[in-house]
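Below is one structure; the comments refer to it alone.
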There are 2 protein chains.
Amino acid sequence: MTQRQTGHSPAPAHPQPSRARPVADSARSDILAAAAVLFYARGFTAVGMDDLRTEANVSLRRLYQLFPSKDLLIEEVLGIWRDAWSSGIDAQVQAAADPRQRLLAVYDFLAGWFTSEGFRGCAFINSFGEVGGASGRITTIVREQKKHFQDYLADLATELGAPPGLAPQLAILAEGAITTAAIAASSEPARQARAAAEVLIGVALSPAARD
Amino acid sequence: MTQRQTGHSPAPAHPQPSRARPVADSARSDILAAAAVLFYARGFTAVGMDDLRTEANVSLRRLYQLFPSKDLLIEEVLGIWRDAWSSGIDAQVQAAADPRQRLLAVYDFLAGWFTSEGFRGCAFINSFGEVGGASGRITTIVREQKKHFQDYLADLATELGAPPGLAPQLAILAEGAITTAAIAASSEPARQARAAAEVLIGVALSPAARD
DNA sequence: ACATGATGAGAACGAACGTTCTCGCACTCC
DNA sequence: GGAGTGCGAGAACGTTCGTTCTCATCATGT
């Protein structure tokens with residue numbers, strides 16, 4: 001694609017506000033950013049391509065040029081959500097001092113997320129609920145994301161020297177906290193899940209309680 | 001512009017003639033049964049009124065006569081799901097011997113549900129994910145249902161003499177198990193959640209023991 | 001038996017949506 | 001300067017879907 005920079009804008013008669021066009025690539029990220037926000041807030045089907053055009057300030061032509069179909073756009077948005085989740089949680093986890101604190105930092109991250117503006121639960125769970133089995137493509141991506149999270153917790157648990165049964169339980173706690181917080185519109189589940197995680201970790205590390 | 005179709009004719013103030021015709025009132029339960037199944041399997045938006053007509057073997061006219069709009073039908077289906085959940089879980093819980101076993105029976109119920117044909121996660125969570133904040137009506141019903149489940153667990157926990165902090169943790173475990181099982185298409189989360197619940201219950205009943 | 005009113009089958013309507021097309025305009029290259 | 005190209009704005013198209021309407025049919029009451 002040819003890049004264009006308007007070196008000198010001769011200030012036309014401008015019947016309409018023909019603003020200086022930004023670099024072509026910014027449209028792509030604008031669209032993705034708008035889609036990530038709108039899809040999360042209202043779901044895939046409730047957001048039309050027209051809404052995205054309006055929110056991202058691009059023409060429909062350009063939108064379809066960059067994303068030939070809504071499905072493709074949805075898939076890219078799922079990737080954005082995955083990256084945002086990974087980097088967000090990892091930042092909080094890596095800031096913790098020891099393996100135990102790193103595991104618990106997961107629930108501290110959740111607590112902050114739950115109180116953030118526009119929190120509406122896990123985007124992947126919502127996506128799964130929305131498309132159900134209609135889109136095997138989306139289902140696969142959601143499944144991979146959850147698998148990735150479980151592996152992530154498993155690594156943290158291994159780092160702590162915990163038996164392999166712990167990580168799935170901690171993952172279940174996290175998932176349950178997310179959906180409970182979303183539906184109840186409360187951040188309390190994060191603290192409750194954290195407290196439960198502390199108990200499970202403590203018991204898992206105590207030799208007497210080994211199974 | 002006939003706005004009302006419940007014409008109160010002079011004569012026929014009596015119930016439906018259920019003799020010569022194929023039982024007239026069964027249409028209502030047929031529709032609800034079909035809607036409960038189809039909505040759960042594919043979501044609200046993916047199931048059209050035409051699909052319901054076909055599946056329930058009624059005419060469109062009759063369908064709209066019994067349920068003036070899709071939204072009203074959806075609300076009734078949510079009620080059906082609520083009753084099915086309540087009676088299903090309560091049957092398994094009441095079959096247990098003591099309070100502790102009754103709490104754990106919740107996760108046994110989940111294990112059976114997860115392996116049942118067509119399991120696709122919690123219908124309420126899926127509904128919440130699908131309509132998001134679009135329908136405050138549905139959101140309210142989902143919230144009430146989850147609140148009801150938490151209260152149910154709280155009663156069971158009280159019966160056991162456990163501190164009030166236990167029930168929310170057990171609820172989070174159950175919610176997490178449901179979504180994890182749905183996405184991973186596995187019943188393993190039920191057993192993992194049960195094991196975690198056993199630990200949490202044990203610790204909750206011996207407050208001084210741990211830590 | 002006829003009028004009445006309810007019913008089933010399905011056409012029709014109106015809105016929404018994903019996608020494509022048209023057109024005029026600005027800019028570039030020869 | 002003129003042909004070509006990429007773009008924005010938005011109309012247009014085809015489909016889907018919720019909802020209503022038409023019409024022929026049929027059971028029933030008098």
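The figures here come from the full heavy-atom set of this structure, side chains too, leaving out hydrogens, waters and symmetry mates.
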May I ask you to verify if any side-chain N or O of Gln65(B) is less than 4.0 angstrom from the OP1 or OP2 atom of dA6(C)? no
*asked:* Has Asn126(B) got a side-chain atom pairing as donor or acceptor with Arg120(B)'s backbone, closer than 3.5 angstrom?
replied: yes
Could you give the side-chain donor-acceptor pairs of residues 76-84 of chain A under 3.5 Å, partners two or more places apart or in another chain?
unit_1   : atom_1 : unit_2   : atom_2 : d
Glu76(A) : OE1    : Arg28(A) : NH1    : 3.4
Glu76(A) : OE2    : Arg28(A) : NH2    : 2.9
Trp81(A) : NE1    : Ala36(A) : O      : 3.4

note: Tyr64(A), atom OH; dC7(D), atom C1'; distance rounded to Å ~ 18 Å
Arg62(A) CZ to dA26(C) C1', in whole Å, measures 14 Å
Assess whether side chain to side chain contact (heavy atoms under 4.5 Å, CB included) is satisfied between Val93(B) and Leu103(B), documenting all intermediate values. CA-CA 7 Å; Val93(B) 164; Leu103(B) 268 178; over 6 Å; no
Checking dG10(C), dG8(D), dT19(C) against the side chain of Arg53(B) (C-beta onward), the nearest is dG10(C)
Whole-Å distance, Asp30(A) CG to dC7(D) C1', equals 16 Å
- Thr179(B) side chain to Gly176(B) backbone, donor-acceptor under 3.5 Å: yes
To the nearest angstrom, the CZ-P distance between Phe67(A) and dT20(C) comes to 16 Å
>> What I want to check is whether the side chains of Tyr152(A) and Asp90(A) have a donor and an acceptor closer together than 3.5 Å.
In response: yes
Any side-chain N or O of Arg61(B) below 4.0 angstrom from OP1/OP2 of dT7(C)? no
Query raised in the report: Would you call the rings of Phe39(A) and Phe44(A) parallel, tilted or perpendicular if under 30° counts as parallel and over 60° as perpendicular?
Result: perpendicular
Separation between CG (Asp30(A)) and CG (Leu66(A)), nearest 0.5 Å, reads 10.5 Å
Requested in this report: Might you work through the side chain to side chain contact (heavy atoms under 4.5 Å, CB included) test for Val199(B) and Gln169(A), ending with a clear yes or no?
Outcome: CA-CA 11 Å; Val199(B) 171; Gln169(A) 296 181 345; 5.7 Å; no
Residues of residues 35-44 of chain B with a heavy atom under 4.0 Å from any atom of DNA chain C, listed by number, are none
Between CG of Leu66(B) and P of dA6(C) the distance, given in whole Å, is 14 Å
Would a distance-only check, ignoring hydrogens and angles, find a side-chain to backbone donor-acceptor pair under 3.5 Å from Tyr107(B) to Arg191(B)? no
Leu63(B) atom CG is separated from dC17(D) atom C1', nearest whole Å, by 14 Å
Given protein heavy atoms under 4.0 Å, the one-letter contact record of nucleotides 12-17 of chain C, with B base, S sugar-phosphate only and - none, is simply ------
Rounded to whole Å, CZ of Arg28(A) lies from P of dC7(D) at a distance of 14 Å
Separation of dT19(D) atom C1' from Asp71(B) atom CG, nearest Å, is 12 Å
